[in-house]
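Written out below as C-alpha cells is the structure these notes cover.
All values below come from the heavy atoms of this structure, side chains included, with hydrogens, waters and symmetry mates left out. Counting begins at 1 with the first residue of the sequence.
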Amino acid sequence: MADKMELLAYSTTQGAQVLNISRPTLYKLMQDPSFPKFKIGTRTMIPADGLREWVRNQARKEETE
C-alpha cells in the first residue's frame, strides 16, 4: 500500500476543511494580505507551511491581547 503523500498546498475547499471553517469564512480570511495564498492559473492555493505559520501567528496575537 502506498503511503499518503503530504500536500504542499491546499485548495480553498481543503483549506477550509483543515481550518474547520466554512468556505465563505475562508474567503473572508483570504482578503487579509497576511493570509498565505498564491495563484496557479486561475486557481487560488494555500501553501501548507504558510497556513501553519499563519495559524501560529494568529494564536500569538490572541495571547498578547
Side-chain angles (χ1 to χ4, degrees):
M1 180 180 261
D3 292 339
K4 193 170 185 178
M5 186 173 20
E6 182 180 347
L7 298 176
L8 297 175
Y10 303 115
S11 67
T12 53
T13 299
Q14 292 167 322
Q17 290 171 343
V18 166
L19 291 172
N20 198 29
I21 60 175
S22 68
R23 284 181 60 206
T25 299
L26 177 67
Y27 286 122
K28 287 179 187 174
L29 289 174
M30 290 171 64
Q31 292 174 356
D32 183 334
S34 72
F35 191 87
K37 62 190 174 297
F38 65 97
K39 290 270 196 179
I40 296 179
T42 60
R43 191 166 185 192
T44 300
M45 302 296 291
I46 303 164
D49 289 340
L51 184 58
R52 287 185 194 96
E53 184 61 30
W54 183 84
V55 168
R56 280 191 289 273
N57 289 339
Q58 296 307 303
R60 282 188 214 117
K61 283 182 188 177
E62 290 291 320
E63 290 173 359
T64 61
E65 291 179 358

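- For CG of Asn20, the number of neighbouring non-hydrogen atoms (other residues, nucleotides, ligands) closer than 6.0 Å is 12 at most.
- With Gln14 contributing its side chain and Ser11 its backbone, the two residues share a donor-acceptor pair below 3.5 Å.
- Through side-chain heavy atoms spaced under 4.5 Å, either directly or across other Ile, Leu, Val, Met, Phe, Trp or Tyr residues, Ile40 is tied to Phe38, Met45.
- Taking every heavy atom of both residues into account, Thr44 and Lys37 meet most closely at CG2-CB, 4.0 Å.
- Hydrophobic clustering, defined by side-chain heavy atoms of Ile, Leu, Val, Met, Phe, Trp and Tyr closer than 4.5 Å, groups Tyr27 together with Leu7, Tyr10, Val18, Leu19, Ile21, Leu26, Leu29, Met30, Phe35, Ile46, Leu51, Trp54, Val55.
- Counting non-hydrogen atoms of other residues, nucleotides and ligands closer than 6.0 Å to CZ of Arg60 gives a total above 12.
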